[in-house]
Protein chains: 2
Amino acid sequence: MNQEPTSDPLEDARQTFVRSWGALGSSWGVSRTMAMVHALLLVTDPPLSTDDVMAELGASRGNANMNLRELVGWGLVRRVVVEGERREYFEAEKDVWTMFCTIARERKRREIEPALALLEACLATTKGLRSGKAKAFHKQLSELAQFVGTANAVLERISASEQSKVIPAILKWLK
Amino acid sequence: MNQEPTSDPLEDARQTFVRSWGALGSSWGVSRTMAMVHALLLVTDPPLSTDDVMAELGASRGNANMNLRELVGWGLVRRVVVEGERREYFEAEKDVWTMFCTIARERKRREIEPALALLEACLATTKGLRSGKAKAFHKQLSELAQFVGTANAVLERISASEQSKVIPAILKWLK
DNA sequence: CGGCACTTCCAGAAAGTATCGAAACTCATG
DNA sequence: CATGAGTTTCGATACTTTCTGGAAGTGCCG
């Protein structure tokens, strides 16, 4: 992935943003390129084609295609049809609140729920055990499960709400 | 990393929990082994030595040492001194709320704040630009920055609060 | 149909990380 | 101040994940 030098400050800022956002992505369990593609679409107005993404990021077709597809799978990017064009174009959901809700819902489904399931399973298999060690294990896991369950419910509730209902309440609470 | 077959249901459950938690860790940007070490300490009562961790997870000394050190760095694990023992022992913070606050604070510091800094930097360099494209870019980033900033403040506030103040409020709000 | 304009799949290559094993270091102790 | 238990560091290797480039697929249109 290459970068061309520019002296256009806007282009510089875009590049900086896209690349750095990509780097940050990896600490959140998102691959660099996927984060970069998302960042790119987020700050680009007319929808982009696969080739545009390839060109902007210097990625291969397969890579661009795969990451676009995955972003569509997450619901963060939409395929759009451009009048009189055969090629597919992509645009990101620009509204930050909607984006947050989408991410929350997907992570919940893909990561929190499996974790809960694991905890429940371990709780179930140690339910009947009477030894002190088993009791302690069971108690520790059940506290964890309860916490994760609450977090799950909070995300559920928040991401099903209107931004206009939630944000003001939060800001007020922050005081 | 090996596993020995057991017919002890508690041991089985512990193994299952530790290993699966490790697997889940990777979707949250935590390395498998670090998540496993943490899980292990979380469900183990007497503090463990490096050698215990090595034995339980079948990891090398270097690996165990490195991950223990990193967990101490996150504040999720403490070194403890056992009477009349030269060797160091480790125990995890068991309280789930405290654990959550620690993680929130650390991720905030390591990941959210750098992201905010990036956003601010890009906002600053495009501040004066008057073209339509620049305005759109600036607006998109500033919405993102505002959202991330609010999230940051929320985490700050929550993780500085008492569990007893926050959880009931949340449960009430969930209704 | 057959050509064209795209999209998707796939197997191997490359890059990036985690892990090991062993050597180097630390430091209380005899 | 030599010993040795215990800890840390480090280069080499093994493993995963990500990426590439080309082959195969899809479906529109003349």
Side-chain angles (χ1 to χ4, degrees), chain A residues 1-3 18-19 21-41 47-74 77-91 110-111, chain B residues 1-3 18-19 21-40 47-74 77-91 110:
Chain A
M1 307 206 175
N2 59 328
Q3 65 266 309
V18 168
R19 286 167 200 289
W21 199 256
L24 283 170
S26 43
S27 26
W28 289 96
V30 175
S31 92
R32 225 182 327 290
T33 308
M34 193 168 127
M36 281 179 14
V37 173
H38 187 218
L40 176 63
L41 290 175
L48 298 183
S49 68
T50 301
D51 296 77
D52 296 331
V53 172
M54 288 165 61
E56 293 260 15
L57 302 182
S60 74
R61 181 172 303 283
N63 196 13
N65 180 264
M66 177 178 150
N67 283 291
L68 283 167
R69 204 145 33 91
E70 202 162 345
L71 283 166
V72 171
W74 275 75
V77 164
R78 284 182 295 270
R79 291 167 196 277
V80 302
V81 182
V82 174
E83 271 295 85
E85 274 276 8
R86 186 140 157 211
R87 168 191 330 217
E88 286 189 324
Y89 284 77
F90 299 89
E91 77 182 355
R110 301 179 191 212
E111 290 146 17
Chain B
M1 307 208 175
N2 59 328
Q3 64 268 306
V18 169
R19 284 167 202 290
W21 200 257
L24 282 170
S26 45
S27 24
W28 289 98
V30 175
S31 94
R32 223 183 330 288
T33 308
M34 193 167 127
M36 282 181 11
V37 174
H38 187 219
L40 176 63
L48 299 182
S49 68
T50 302
D51 296 76
D52 296 331
V53 172
M54 289 166 61
E56 294 260 15
L57 302 181
S60 72
R61 168 161 270 96
N63 197 12
N65 181 264
M66 177 178 149
N67 284 290
L68 282 168
R69 204 143 34 88
E70 202 163 346
L71 283 167
V72 171
W74 274 75
V77 165
R78 285 183 293 271
R79 293 168 194 274
V80 301
V81 182
V82 174
E83 271 294 83
E85 273 278 7
R86 181 138 161 216
R87 162 191 334 218
E88 283 189 325
Y89 284 77
F90 299 89
E91 76 182 356
R110 302 179 191 212

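All values below were derived from every heavy atom in this structure, side-chain atoms included, with hydrogens, water molecules and symmetry-related copies excluded.
For the pair B:S49/B:Y89, a side-chain contact is recorded, criterion being any heavy-atom separation below 4.5 Å from C-beta on. Between A:R69 and A:R79, some side-chain heavy-atom pair lies under the 4.5 Å cut-off. By the 4.5 Å heavy-atom criterion applied to side chains, B:W74 and B:R110 are counted as neighbours.
Taking each heavy atom of B:V37 and B:V53 in turn, the nearest pair found is CG2-CG1, 4.1 Å. Shown here for B:T50 and B:R61, the closest heavy-atom pair between the two residues is CG2-O, 4.5 Å. When all heavy atoms are compared, the tightest approach of B:G25 to B:A35 is CA-CB, 4.1 Å.
Under 4.0 angstrom from either OP1 or OP2 of C:dT8 there lies at least one side-chain N or O belonging to A:N65. Distances shorter than 4.0 Å separate some side-chain N or O of B:T33 from OP1 or OP2 on C:dT19. Checking the phosphate oxygens (OP1, OP2) of D:dT18, no side-chain nitrogen or oxygen of A:N63 falls inside 4.0 Å. A close approach under 4.0 Å does not occur between any side-chain nitrogen or oxygen of B:S49 and OP1 or OP2 of D:dG6.
Rounded to an integer number of Å, the gap from CZ of B:R87 to C1' of D:dT7 is 12 Å. Remark: P of D:dG21 and CE of A:M66 are 16 Å apart, rounded to the nearest angstrom. Computed from coordinates, the A:M54 CE to D:dT20 P distance equals 9 Å when rounded to whole Å. As a whole-Å value, the separation of B:L57 CG from C:dT19 C1' is 13 Å. Counting to the nearest Å, the C1' atom of C:dA28 and the CD atom of B:E88 are 14 Å from each other. Between the CG atom of B:N67 and the C1' atom of D:dT7 there is a distance of 15 Å, rounded to whole Å. Regarding A:E70, its CD atom lies at a distance of 15 Å from the C1' atom of C:dT8, rounded to whole Å. The distance between atom CZ of B:R69 and atom C1' of D:dG6, rounded to the nearest whole Å, is 14 Å.
Heavy-atom distances to DNA chain C give each of A:S26 and A:Y89 a nearest nucleotide, and the one nearer the 5′ end belongs to A:Y89. Along DNA chain C, the nucleotide nearest A:T50 and the nucleotide nearest A:R32 are compared for position; the residue whose nucleotide lies closer to the 5' end is A:T50.
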inquiry  = Generate the contact string for nucleotides 23-30 of chain D. Rules: B means base contact, S means sugar-phosphate contact only, - means no protein heavy atom under 4.0 Å.
reply    = ----B---
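Comparing D:dC19, C:dC9, C:dT19 against the side chain of A:S60 picks out D:dC19 as the nearest.
With hydrogens and angles ignored, the 3.5 Å screen pairs a side-chain donor or acceptor of A:N67 with a backbone N or O of A:N63.
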